[in-house]
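Read through the structure below, which is laid out as C-alpha cells, and then see the notes.
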Amino acid sequence: MAKEVGPVIQEILAEVARKTPEEWQARLEAIAPELIEELNTKKEPDKGLKALDVEEGQQVVMRFAPNPNGPPTLGSTRGIVVNSEYVKKYGGKFIIRFDDTDPQTKRPMLEAYDWYVDDCKWLGADPDEIVIASDRIPMYYDYARKLIEMGKAYVCFCDGADFKKFKDAKEACPHRDVSPEENLMHWDKMLAGEYEEKSAVLRIKTDITHKDPALRDFGAFRIVKVPHPRPEVDDKYCVWPLLDFEGAIEDHELGMTHIIRGKDLMDSEKRQTYIYNYLGWKYPKTTHWGRVKMHEFGKFSTSALRKAIEDGEYSGWDDPRLPTLRAMRRRGILPEAIRKFFIEMGVGETDISISMDTLYAENRKLIDPVANRYFFVWDPVEIEITDAEPCTVNPSLHPTEDRGCREIDVADKVYICSEDAEKLQVGSKLRLKDLFNLEVISMEPLQAKHIGDSIESVKKEKMRIIHWAPMDGVPVRVLSPDGEFTGIGEKQVTTELDKIVQFERFGFCRIDSVDGDVVAYYTHK
RNA sequence: GCUCCGAUAGUGUAGCACGGCCAAUCAUGCAGGACUCUCACUCCUGCGACUGGGGUUCGAAUCCCCAUCGGAGCACCA
C-alpha cells in the first residue's frame, strides 16, 4: 500500500514545485475563494502567555501561595505575574494564600505578610482574596478526622529512619493497619499535646508498594510545639499540617481551577491526588515551570539573606544588590517591565538562567522618554578655565521631549570625571556639553583656555564631548549593585525626589532622598 | 538506590498535541552603520540554534527507541 502511494506523492510534490506560490494562490482563488483569507491570517506568532485550557464560559480561579518567611524576590514574582495575568486574561479570581504552616523551620516573618500584598498591588496583581492558612487549622483537622474514619490515614509512631526502611522495602509499618477507632484516639491525643515532637505523625495511606518511592504513604501532620509568630495564633496549635495536605485541602476549598507552580511540586500532585480521590474531588488543571536563575545573583536562600542582613552585610531587604522586589522598586525598575519580562519568559518546564539585561532593556524603553537628564560627575576633579566669563547655561531636560530646561551657573572652574581627565594632555581640545570648547594648557594643575562656543568646530575637529558639574553642585551618592559612586551633581536634581533620572554618560537612577547629600539608587545603564 | 521531568542561536522564547506551509519566530545580546552636543533612545544591516545516534515515513525540530547532559522528588521544609 505504502509502496503504491509513494510515487503518486512524488508526482504531486513535483507538480506543486513546478508552479509559483502566486500561481497556486490564483488557483485557490478560482476554486475556493473563501479560503484566501485563511491563507493571509495564518502564522502570526502568539505574543504573551499560551492559552489556558479553559472550559466554555468558565471563570478561572488561580492563586499565588508563598510562605511569608521573607520578602518577595524576583523568583516569587513569576508566580504573581503569571497567575494574575491569566486571571486578567480570562476573568475570574486571583487569590494570595499564605502557606504559613511551619512555625519552626521556615518560620514566617510577621512583616512579610504585608510586604507580599504590597508588592502584589505594586505589580498590578491586586489579590481578590487573601487567605492565611494558619487561620484555618481547624478545617484541616476536620478533614484529617474524616480520612482517619475512612481508614485512609493513620497515626504513625515510627522513627523517621525506621519508616524509611519500611518504605524502601515496600512494607507497611506496624501502625498502618490499626483500626480507625484506635487511630482516632491517638489523633485526639496528638491534638491534646500528649505526644512529644517527632514522636508521632499522621500519614495518608497511598500505595505502600508503589514503584515510585516518593508516593508511598506521605506525612500529613506533625507535632511542633513552637508558638506561631502571628499573635492571633501563637500557641493555639501543636499539630501542624504539611504542605501536601494543607495545599490539597485549600486548593479544593478555594475552588481553584488551575494551578501553575514550580515543577519541584510535580510529585505533590500525584500524592495529593490520593486525598482528592478519597474525598471524591476533582484535581485542578496543573502546569509547571522550571527554576529561574538570574546570572547576576548567585544562589541565595531567604534564610541566608536574613542572616547577612542581620550581620550588616546588606543595608536591608531593599539593598540594591539584592534580588528582592523591594530592591527593584527602590532602584526604579517599573512594574510594567517586570510583568512583561515574566510574561515573555512564559511557563516552560526547563530550568533557565537568564540575565537581568533583558529586564533592563524592557525597563529602559519605558523610562527613557520620561527620565530627565542631568550631569553627575563621579570621582570628580577640578578644571580651571583661565579666561572664563561667568555665565549661565540652560541645557534641556530631555533630548527629544520638550520638557523645559535646567539652569546652571558657571564661573571659572568646573568638575569633570577623573577618568575623562586622565585622557587629556596639554593641547587636547574638548567640548563641555552644552557649555563651550576648551584647550588644555596645563595638566598640574589642570587648566584650560576657552576656544569658542561653536558646536560646528566640535564636529569638524571631532572633539570629545564630556559632561561636567558646576562648583556649586550638590554631593551625590549613587548606590548600585556594584558598589557606591560618589561625586557632584547639578543642584536641580534635588527637585526630582522619587523620580527616575538619567545621569548622562552614567546611567539611569532613582532619586531616593535629597535632604543633605542626594542619594540615588542605580537603575541600569 | 528507586522514581519523575526536561533539552531550539550567547541568553530567553515561538513552532511539537494533528509530520510537509521551517534553508525555523520574536526579544535580548554581539558586530557594523545612520541619527544625536550622553556611552541613553530611535532606525537600518549583519551574526547566531533544532544535544548525539538509531528507527518509522516519500518526507522528522515535530512520532518511537537508546545514549548523553541538565533538573527535581523519595522530609516530622515550603
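In what follows, every heavy atom counts, from backbone to side chain, and hydrogens, waters and symmetry copies are set aside. Protein chains get the first letters and strands the later ones, always in sequence-line order, with residue 1 at the start of each.
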Next item on the list: Please report, rounded to the nearest Å, how far the C1' atom of G29(B) is from the NZ atom of K525(A).
Entry: 12 Å
Notebook entry, point to check: Where each residue is assigned the nucleotide of RNA chain B containing its nearest heavy atom, which of I354(A) and I455(A) is assigned the position nearer the 5′ end?
Noted result: I354(A)
Checklist line | Gap in Å between the two P atoms, one belonging to G59(B) and one to G54(B), rounded | finding: 15 Å
Notebook entry, point to check: For atom C1', what is the distance between U62(B) and U57(B), given to the nearest Å?
Noted result: 13 Å
Check: Would you call E55(A) and K285(A) a salt bridge, using N to O less than 4.0 angstrom?
Finding: yes
Margin query: Does C77(B) have its OP1 or OP2 closer than 4.0 Å to a side-chain nitrogen or oxygen of R222(A)?
Written below: yes
Check: According to a strict under-4.0 Å criterion, is K167(A) in side-chain N/O contact with OP1 or OP2 of A75(B)?
Finding: yes
Notebook entry, point to check: K270(A) side chain N/O closer than 4.0 Å to the phosphate oxygens (OP1, OP2) of G73(B)?
Noted result: no
Check: So, is T101(A) near the phosphate of A78(B), with a side-chain N or O under 4.0 Å from OP1 or OP2?
Finding: yes
Check: Is there a side-chain polar atom (N or O) of K164(A) under 4.0 Å from OP1 or OP2 of C74(B)?
Finding: no
Notebook entry, point to check: Expressed in whole Å, how much space separates the P atoms belonging to C63(B) and G6(B)?
Noted result: 11 Å
Item checked: For atom NZ of K293(A) and atom C1' of G10(B), their distance in whole Å -> 16 Å
Check: Given the P atoms of A72(B) and U25(B), what is the spacing between them in whole Å?
Finding: 33 Å
Next item on the list: In whole angstrom, give the distance that lies between atom CH2 of W289(A) and atom C1' of G71(B).
Entry: 17 Å
Check: For D357(A) and C39(B), what is the distance between atoms CG and P respectively, to the nearest whole Å?
Finding: 19 Å
Next item on the list: Starting at atom CG of D212(A), determine the distance to atom C1' of C5(B), rounded to an integer number of angstrom.
Entry: 12 Å
Item checked: Candidates U38(B), C76(B), U3(B) - which lies nearest the side chain of L242(A) -> C76(B)
Check: Whole Å only: how far is the OH atom of Y360(A) from the P atom of G12(B)?
Finding: 17 Å
Note to self: What's T400(A) touching, base or sugar-phosphate or nothing? Going by heavy atoms closer than 4.0 Å.
What the structure shows: nothing
Checklist line | Base-pairing mate for C58(B) - Watson-Crick or G-U, with both contacts under 3.5 Å | finding: G20(B)
Checklist line | Option from E504(A), R505(A), K433(A) for which side-chain hydrogen bond (donor to acceptor under 3.5 Å, both in side chains) with H467(A) holds | finding: R505(A)
Margin query: Closest approach to the side chain of K50(A), judged atom by atom: which nucleotide of A14(B), U38(B), G12(B) is it?
Written below: A14(B)
Notebook entry, point to check: Starting at CE of M294(A) and ending at P of G10(B), how long is that distance when rounded to a whole Å?
Noted result: 20 Å
Margin query: Please tell me whether F436(A) and H450(A) form a close aromatic pair, meaning their ring centres lie under 6.0 Å apart.
Written below: yes
Notebook entry, point to check: Glycosidic conformation of A17(B), syn or anti, with 90° from 0 as the boundary?
Noted result: syn
Next item on the list: Pick the C1' atom in A67(B) and in A31(B), then give their distance to the nearest Å.
Entry: 38 Å
Next item on the list: Output yes when at least one side-chain N/O atom of R216(A) is less than 4.0 Å from OP1 or OP2 of C74(B), else no.
Entry: no
Notebook entry, point to check: Below 6.0 angstrom between ring centroids: does that apply to F221(A) and W187(A)?
Noted result: yes
Notebook entry, point to check: Would you call R230(A)-D135(A) a salt bridge at under 4.0 Å N-O?
Noted result: yes
Next item on the list: Give a yes or no on whether a donor-acceptor pair under 3.5 Å exists between the nucleobase atoms of C37(B), that is its base, and the side chain of K433(A).
Entry: no
Check: Using atom C1' of each nucleotide, how far apart are C21(B) and A60(B) to the nearest Å?
Finding: 15 Å
Margin query: Please report the distance separating the P of C16(B) from the corresponding atom of G53(B), rounded so that it comes out in whole Å.
Written below: 24 Å
Note to self: E461(A) vs R431(A), test: salt bridge (Lys or Arg N to Asp or Glu O under 4.0 Å). Steps then yes/no.
What the structure shows: CA-CA 11 Å; E461(A) 297 189 46; R431(A) 166 73 171 185; over 6 Å; no
Note to self: Could you tell me how far apart K459(A) (NZ) and U36(B) (C1') are, to the nearest whole angstrom?
What the structure shows: 8 Å
Next item on the list: Could you give the distance separating C65(B) and U28(B) at their P atoms, to the nearest angstrom?
Entry: 39 Å
Check: Looking at R203(A), does any N or O in its side chain come under 4.0 Å of the phosphate oxygens OP1/OP2 on C76(B)?
Finding: yes
Next item on the list: Choose from C4(B), C37(B), U11(B) the nucleotide whose nearest atom is closest to any side-chain atom of I465(A).
Entry: C37(B)
Margin query: With hydrogens left out and only the distance checked, is there a donor-acceptor pair under 3.5 Å joining E362(A)'s side chain and the base of U28(B)?
Written below: no
Next item on the list: Report the relative orientation of the aromatic rings in W240(A) and Y237(A); use parallel for angles under 30°, tilted for 30 to 60°, perpendicular for over 60°.
Entry: perpendicular
Next item on the list: Would you indicate, yes or no, if C41(B) has its OP1 or OP2 atom less than 4.0 angstrom from a side-chain nitrogen or oxygen of K365(A)?
Entry: no
Item checked: Opposite nucleotide pairing with U28(B), Watson-Crick or G-U, both atom distances under 3.5 Å -> G10(B)
